[in-house]
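Structure, as structure tokens:
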Protein chains: 2
Amino acid sequence: MQTGTAPSTQLVRRVNATAMLKAMRGGGILTGTELMAATGLSRATVISICDELVRLGWLQELENQRGAGDYVKGRPARRFAFDDSAASVIGIDIGATKITAIVADMAGTPLSRVTTPFRTYNVPANERADVLDRIAADALEKAGVTADSVLAVSVGVAAPVSREGEVLRAQEFWKSFDVRRIVSERHGWHVLLENDANLAALAERWQGTAQGVDNLVVMLAGDRLGSGILESGRLLHGHVGGFGELGFLDTVDGVGDTYGIAHYAALWGREALVAGAETKMRALCGDDPQTLTAEMVFRAAADGDEAAGGVLDRMAHRMARVVGSISTLVNPELVVIAGAVAASAGSLIPAMEQQIPDFTFTPPRLATSTLGDGIVSLGAIRHALDYVEEHALDLYPASASHQMAAAGPA
Amino acid sequence: MQTGTAPSTQLVRRVNATAMLKAMRGGGILTGTELMAATGLSRATVISICDELVRLGWLQELENQRGAGDYVKGRPARRFAFDDSAASVIGIDIGATKITAIVADMAGTPLSRVTTPFRTYNVPANERADVLDRIAADALEKAGVTADSVLAVSVGVAAPVSREGEVLRAQEFWKSFDVRRIVSERHGWHVLLENDANLAALAERWQGTAQGVDNLVVMLAGDRLGSGILESGRLLHGHVGGFGELGFLDTVDGVGDTYGIAHYAALWGREALVAGAETKMRALCGDDPQTLTAEMVFRAAADGDEAAGGVLDRMAHRMARVVGSISTLVNPELVVIAGAVAASAGSLIPAMEQQIPDFTFTPPRLATSTLGDGIVSLGAIRHALDYVEEHALDLYPASASHQMAAAGPA
DNA sequence: CATTTAAATTTATGTACTAAATTTAGAGAG
DNA sequence: CTCTCTAAATTTAGTACATAAATTTAAATG
């Protein structure tokens, strides 16, 4: 008698295998007994799933039994470890002036990082996919990783992106051709697209100041303001990806537009120079207001300069209004300021903290990002890893590819 | 040999039983064959789960076989129907001046509705739970339903409520005692608390204009503005329930505070009267500006009155700014205006639709609610039903209570 | 009353788990 | 070097829950 198995029955195996994989990912080297405790499954089940995951290429069984030396009596436990090098992912940040790509293993450890200057405007359409290709190839080579070990690529762009990966306002980089499809077809990679601020939020919760924070706003506050919002640990997108857009600041008192900290620091610093203020900023920029950068203003202020300090006071007030208005509507536990100026912006926090209660009944905690320049590409890594982890049982690590044919319908 | 079964094994039965229940809830009278198509399960499984759900009290098997007459040949199919009267839920809206309670069956059909005037301010603490008790008892009696058939009660309040049901700013109704616990203990009901605008959003998506809309903003726009936000079909709460609070409007140009349509319609109407305008509003309020209501202003404007029309133009502009700023950040597909003024506010929509693109790049569709006064209590019904449906397999309908003892650990 | 037919039941299998009994791989004692 | 001890792996038996195919069943009808 021929019999079959319903999808619903295989669900149990899937659920348990996923739980095992999750336990192994964070757990270093684990024995069957430890996995029983971690998953609540019986030894027979744990071992059988481990064997299967080894066969699939996600786990490695270590030869070196009894390595940890926790015990010495009894039959040595089999020791399994998640194979961090089983597969890799690529995170790409397409900024206004440069592209950054990071290749990482399954542990999220960056194996290489490549940055190329690039203007997203005015680039012939047929060159664009090639640029992506080249930087990905460079990063892979530098990482010493083959293209077929890549299971997902996540790309961050400075535009709204819907849950389905459609880019709104595609007139810039994406106009008239589908990067996703092209790159995907060339290499067989799964390509994800996401908004850059959203990726920054993922990065910040993963490795930054916001670890364990489920209701989070990350502000990219460089030249322009943008925000990524996590609620209950989920990224918010809205109807067509616009969730977190800050255009409403145009009509907010004391804010007026969406220019960021870097923009106004430089602008207001220049104004002070032109007005003839006696300030350390003058020396820093060689008395040429046009070369004054935000970073110089922060440096002068840190050095006790009064004019620069005045610029930062004004900035803190402006940002308190920005963060206050967002926090009223969104009620985050924490707001992280990220982007190019994050390293300097720490000096704004005390004044902001003091003023934010004037603008919201639910003031959030404030912090600046410590993740630096790579925050978006790091978030892209996390985004790609999320995808691979969720679909691990449907994907085949390169290390297992030679066994795929042998496995067959068995 | 003693054996047991892991929770993970029972998962399959749970998943399938839940799928069956869901198929039955919407499906009217269904046969085994129809359920096989709906769930993808085999006949044996479908029938076995049906038998179990009948035993639990959620389904009824109809005596009247072959009622529909779709076919006449062959063995008559057993016919099952979800028992709408298996259990009931209560939805309560605690407003500023009155409390409304609706009792509904599992189909969501209201069986009774009771409203009591009540000021939430300045009421002795010990009276508050009693008020809730009394109105619930009234509504149950009017519905002809016993208290033990109630499986969940949802209460809407005009304050932020966290995911866990904690009320922020508890100084009003909730100060110094835990309604949830008291009501729950008295009757054994599961009591849920939620923000009123959030419940309105649930109602609007359930039975209103927003059916099928997953990214939705519902504005309660009576005397004060409040909003409930659904993203991907999920209610947003933020850290302590403040998601959707509109206090930031205080600093938005041309808005300035969170007063609602009713407030400003009456206010601006009075201003016109005091300024001596020749207007039909004068007759409607008996030449006493203090008795002028928003409703009179809308009526006069509909009647072609120029001064009242001017008030509404100003209102549309103000609301366009409100909706525009929210829509930029939240990017909903649809914004529904609800609350006491919704019935009249339809006349504001065309002007708002015209102006909103000035304030957001992602203008949503606009609509007014047709659900009227009961929108919050209706949303509370939906909220309670959501809870019961999710936990159906752990709850016992009253109709099955006599079988609970007999079932035992079997 | 036999035939037809669609559905319900029954029977045989298969997957995936748990629990208990048994075996096994090393460590250490005699 | 063999024996004992022990913790883990493996094997065996049993349970839950599903499918598929064979069989039975309950009307409708010629």
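Sequence lines set the chain letters: A, B, ... in the order given, protein chains first and strands last, and positions in each chain run from 1.
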Which atom pairs link the protein and nucleotides 8-10 of chain C when you take only N or O atoms and keep those under 3.5 Å?
{"unit_1": "dA8(C)", "atom_1": "OP1", "unit_2": "Arg78(B)", "atom_2": "N", "d": "3.0"}
{"unit_1": "dA8(C)", "atom_1": "OP2", "unit_2": "Arg43(B)", "atom_2": "NE", "d": "2.6"}
{"unit_1": "dA8(C)", "atom_1": "OP2", "unit_2": "Arg43(B)", "atom_2": "NH2", "d": "3.0"}
{"unit_1": "dA8(C)", "atom_1": "O4'", "unit_2": "Arg75(B)", "atom_2": "NE", "d": "3.3"}
{"unit_1": "dA8(C)", "atom_1": "O4'", "unit_2": "Arg75(B)", "atom_2": "NH1", "d": "3.4"}
{"unit_1": "dA8(C)", "atom_1": "O3'", "unit_2": "Arg75(B)", "atom_2": "NH2", "d": "3.3"}
{"unit_1": "dT9(C)", "atom_1": "OP1", "unit_2": "Arg78(B)", "atom_2": "NH1", "d": "3.4"}
{"unit_1": "dT9(C)", "atom_1": "OP2", "unit_2": "Arg78(B)", "atom_2": "NH1", "d": "3.4"}

Which atom pair, heavy atoms only, marks the closest approach of [X] to [Y]?
X: Ala86(B); Y: Pro397(B); result: O-CB, 3.3 Å
X: Arg14(B); Y: Leu393(B); result: O-CD1, 3.7 Å
X: Asp105(B); Y: Asp84(B); result: CB-O, 3.2 Å
X: Leu30(A); Y: Leu35(A); result: CD1-CD2, 3.8 Å

Please give, in whole Å, the distance from [N] [atom2] to [X] [atom1]?
X: Leu11(B); N: dT15(C); atom1: CG; atom2: C1'; result: 15 Å
X: Leu35(B); N: dA6(C); atom1: CG; atom2: P; result: 19 Å
X: Leu41(A); N: dA16(C); atom1: CG; atom2: C1'; result: 11 Å

Check whether Arg180(B) reaches the backbone of Val191(B) with its side chain - one donor and one acceptor, N or O, closer than 3.5 Å.
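Side chain of Arg180(B) to backbone of Val191(B), a donor-acceptor pair under 3.5 Å: yes, one is there.
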
Validation row: Val153(A), Ile92(A) side chains within 4.5 angstrom (heavy atoms)
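The answer is yes; the side chains approach within 4.5 Å.
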
Thinking salt bridges, do Asp51(B) and Arg78(B) make one under a 4.0 Å N-O criterion?
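Yes, charged N to carboxylate O under 4.0 Å.
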
In residues 13-23 of chain A, which residues come under 4.0 Å of DNA chain C by heavy atom?
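Only Arg13(A), Asn16(A) qualify.
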
Would you indicate, yes or no, if dA16(C) has its OP1 or OP2 atom less than 4.0 angstrom from a side-chain nitrogen or oxygen of Ser48(A)?
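No, Ser48(A) has no side-chain N/O under 4.0 Å of OP1/OP2 on dA16(C).
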
Determine, using ring centers only, whether His383(A) and Tyr387(A) are less than 6.0 Å apart.
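No, ring centres 6.0 Å or more apart.
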
